[in-house]
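Reading through the structure tokens given below for one structure.
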Amino acid sequence: MDIPSLEPIPLQSRLEALIRIPVLRDFIEECYRQILLREVDAPSLRRFSRRLRFLPFFSRRRFIRTLMGSDEHLQVLQHRLTKLEHIRQTVEHQQQALAFQYQQLARAEGAFELQRQVQEKQKIENQAERRHSQAIESLVLSKYEHLLQIDPPATFVSEAYQELLGRPPAKSELESGRTRLEVGVDRLKRDLLRKVLEKCHANSLDATVAHSSFPQPIHDMFRPRPSKGSACRVCEGSLTFKWSLGVLSDKYMADYYECLQCRALQIPHPYWLDEAYESENAACLCNPDTSRFMRNFSTYRYLAALAKAQVFPEQPQFLDFAGGYGLLTQMLHSAGHKAWLTDLYVSTPYFASDRYIRDFQAIPENSFDVITALEVFEHLTEPIQVVERLRRILKPEGTLVISTSIYRPSEHDSNWVYLARPWGQHVTFWSQEALEACAAKTGFRSVGYFPSDEGVLILFSMDSVQHLKDKLAHGLRLLQDIHHFREVICVWDFLTRRCITLLEEPEVREVDIKTAAHEIAA
Ligand SMILES: [Zn+2]
């Protein structure tokens, strides 16, 4: 907004200067200019020249007074006043605008500060929550660890209620606890203990927490001795301490032990798992599983070869256990296979959501010919129970197909990438002996490695060694066969699936830009 300019007011000093102008004509002209803000007109000039020259009482001072007392000067003054008022308004507007801007700024600053405070508060709350849950976790591990050793889910739930609450569980509590636990994941046991503790011991727990040496990090209480009952989770052999390494961005210390018998490398008490799995259901910017697509694609191709080599029966029913986003299930299904998936940590998979079995517990025994568990075994804290459950839902001649990087004690040290320490979810690392011990323990007859002993796919099979060997050899030949490869890939192709006829030659047409522009203009 511009402020209009004002002519200067003729001050006393300037009027005195006017009086001293030597030539009369110049004096009159200049007086008109300065007082009435215009050029003098000829009649006035003549009239006032005459008066100033011939009337003895009409002095230059009087002339100035006459001009200043004239109606015209009054109008000039009024005009000036209007202008002044206009300026005042303009300034006032500018002031208001500035005040408004200032207010906005202050408000934004206030909002920013408020947001900062909310974030700060949220951070403190999260921290408190984490410390609270850590305290419960340490309590579970220190006071109730023996409960975790109880195997039958129903017994576990009953004992837990009896010990923690001094009463047996209600029928519904028993039922809901039991069904959840039958999945055989160790975490679920602790979750249940936590729930019981949190629900009913809220006050006394705080007291217990206050009494314990908290906030001592709980991993300090548990290392590096193998705690009670820490036999190998695969074969129950004794463990020997290997390394203590930071996990989850070195937030916690993990103690790695190796089984003297089956050489499985394992973390006996990964108490940070809840935190490690917290973000599992959300997409994140740096997912550590970058080989996800390649793994699913290769697995699909190898499964197709195995199916053709009759490692599986005709028209096999596939289940992808812990199938995550559902990519493999979608690939199999699109290729005409009967495939489903299930996952404890995914509420709705991105792919094959219509093939998703929400309730793993509800799956009847003897349901599937093939169960795949890709990059799952290294996450298990109680693998035998999980594999036993999978064995039960497999048909009697069914095959369990897994993938995990094989742990070779002579090759792998604490720098092994597959420890995936920043991620904190890998807790069991399988040597070949461990895999075979697990298969034997859960009732399989042979373990096959396909297409190489580097793993990729590891089969727990009901076939005899010789039978499986022959079938896998057939599978390997198929993998090298280009016709088989084409057949496998082409099932996802429009050309093949929809019987599209190829053009005789490529069709390319010129686009007339001028005509197009002309038509638009018209
Ligand atoms: Zn072992």
Side-chain angles (χ1 to χ4, degrees), residues 295-343 349 351-360 362-374 376 387 389-403 443-448 450-451 456-464 466-481 483-499:
R295 188 176 62 246
N296 280 292
F297 181 83
S298 299
T299 304
Y300 163 77
R301 174 161 124 79
Y302 305 153
L303 287 177
L306 292 172
K308 198 164 183 189
Q310 296 181 329
V311 176
F312 316 135
E314 286 280 307
Q315 300 258 312
Q317 309 252 19
F318 288 95
L319 173 69
D320 195 15
F321 174 70
Y325 296 140
L327 187 52
L328 179 66
T329 310
Q330 185 67 66
M331 289 168 110
L332 285 166
H333 180 64
S334 299
H337 291 285
K338 296 171 186 162
W340 286 266
L341 83 149
T342 179
D343 195 309
F351 300 100
S353 51
D354 55 332
R355 320 288 302 168
Y356 178 60
I357 301 172
R358 198 169 297 280
D359 189 359
F360 178 65
I363 299 174
E365 300 196 350
N366 304 330
S367 296
F368 293 97
D369 297 295
V370 187
I371 296 179
T372 46
L374 306 176
V376 174
V387 179
R389 167 76 182 144
L390 295 177
R391 180 74 200 84
R392 282 200 297 276
I393 56 177
L394 270 176
K395 290 181 188 170
E397 297 303 312
T399 311
L400 175 62
V401 181
I402 70 162
S403 82
F444 291 94
R445 289 181 68 192
S446 52
V447 176
F450 187 83
V456 187
L457 294 188
I458 301 160
L459 287 80
F460 286 15
S461 169
M462 293 307 291
D463 266 330
S464 69
Q466 196 51 52
H467 261 143
L468 186 62
K469 210 170 179 175
D470 294 343
K471 289 176 184 173
L472 294 187
H474 184 191
L476 285 178
R477 285 195 298 280
L478 285 169
L479 282 188
Q480 291 157 328
D481 183 311
H483 298 293
H484 177 253
F485 182 72
R486 244 174 44 193
E487 201 176 288
V488 164
I489 301 303
C490 282
V491 293
W492 302 322
D493 181 48
F494 280 130
L495 209 64
T496 334
R497 289 294 289 269
R498 298 194 185 162
C499 304

Taking the six-membered ring for Trp and the single ring otherwise, decide whether the centroids of Trp340 and Phe321 are under 6.0 Å apart.
->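 They do not qualify: ring centres at least 6.0 Å apart.
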With rounding to the nearest 0.5 Å, note down the distance linking [atom1] in [X] to [atom2] in [Y].
X	Y	atom1	atom2	value
Arg486	Asp481	CZ	CG	10.5 Å
Met462	Lys395	CE	NZ	14.5 Å
Ile371	Phe318	CD1	CZ	11.5 Å

Tell me the closest heavy-atom pair linking [X] and [Y], and the distance in Å.
X	Y	value
Phe351	Gly326	CB-O, 3.4 Å
Thr342	Tyr356	CA-CE1, 4.0 Å
Ala335	Val491	CB-CG2, 3.6 Å
Ser403	Arg295	OG-CD, 4.1 Å
Gly475	Ala305	O-CB, 4.0 Å

Answer yes or no: is there a side-chain heavy-atom contact under 4.5 Å between [X] and [Y]?
X	Y	value
Thr372	Leu319	no
Phe312	Leu306	yes
Phe485	Gln480	no
Ile402	Val376	no
Ile458	Val447	yes
Thr399	Phe444	no
Leu457	Leu374	yes
Val311	Phe450	no

With a 3.5 Å distance limit and no angle check, can you tell me whether [X] reaches the backbone of [Y] through a side-chain donor-acceptor pair?
X	Y	answer
Arg301	Ile489	no
Ser367	Pro364	yes
Asp343	Gly324	yes
Tyr300	Val488	yes
Arg355	Leu341	no
Gln317	Asp369	no

Residue pairs, two or more places apart or on separate chains, that pass salt bridge (Lys or Arg N to Asp or Glu O under 4.0 Å) and touch residues 318-338 = none
Determine which pairs satisfy salt bridge (Lys or Arg N to Asp or Glu O under 4.0 Å) with at least one residue from residues 327-337, sequence neighbours left out, and list them in order.
->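 Those involving residues 327-337 do not exist here.
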With sequence neighbours excluded, residues passing salt bridge (charged side-chain N to carboxylate O under 4.0 Å, His left out) with Lys308 |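 Salt bridge (charged side-chain N to carboxylate O under 4.0 Å, His left out) check on Lys308 returns Glu487.
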Would Val401 and Val370 satisfy side chain to side chain contact (heavy atoms under 4.5 Å, CB included), going step by step from the backbone distance to the final call?
-> CA-CA 7 Å; Val401 181; Val370 187; 3.8 Å; yes
Pair Arg445 + Asp463: basic N to acidic O under 4.0 Å |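 Salt bridge between Arg445 and Asp463, a charged N being under 4.0 Å from a carboxylate O: no.
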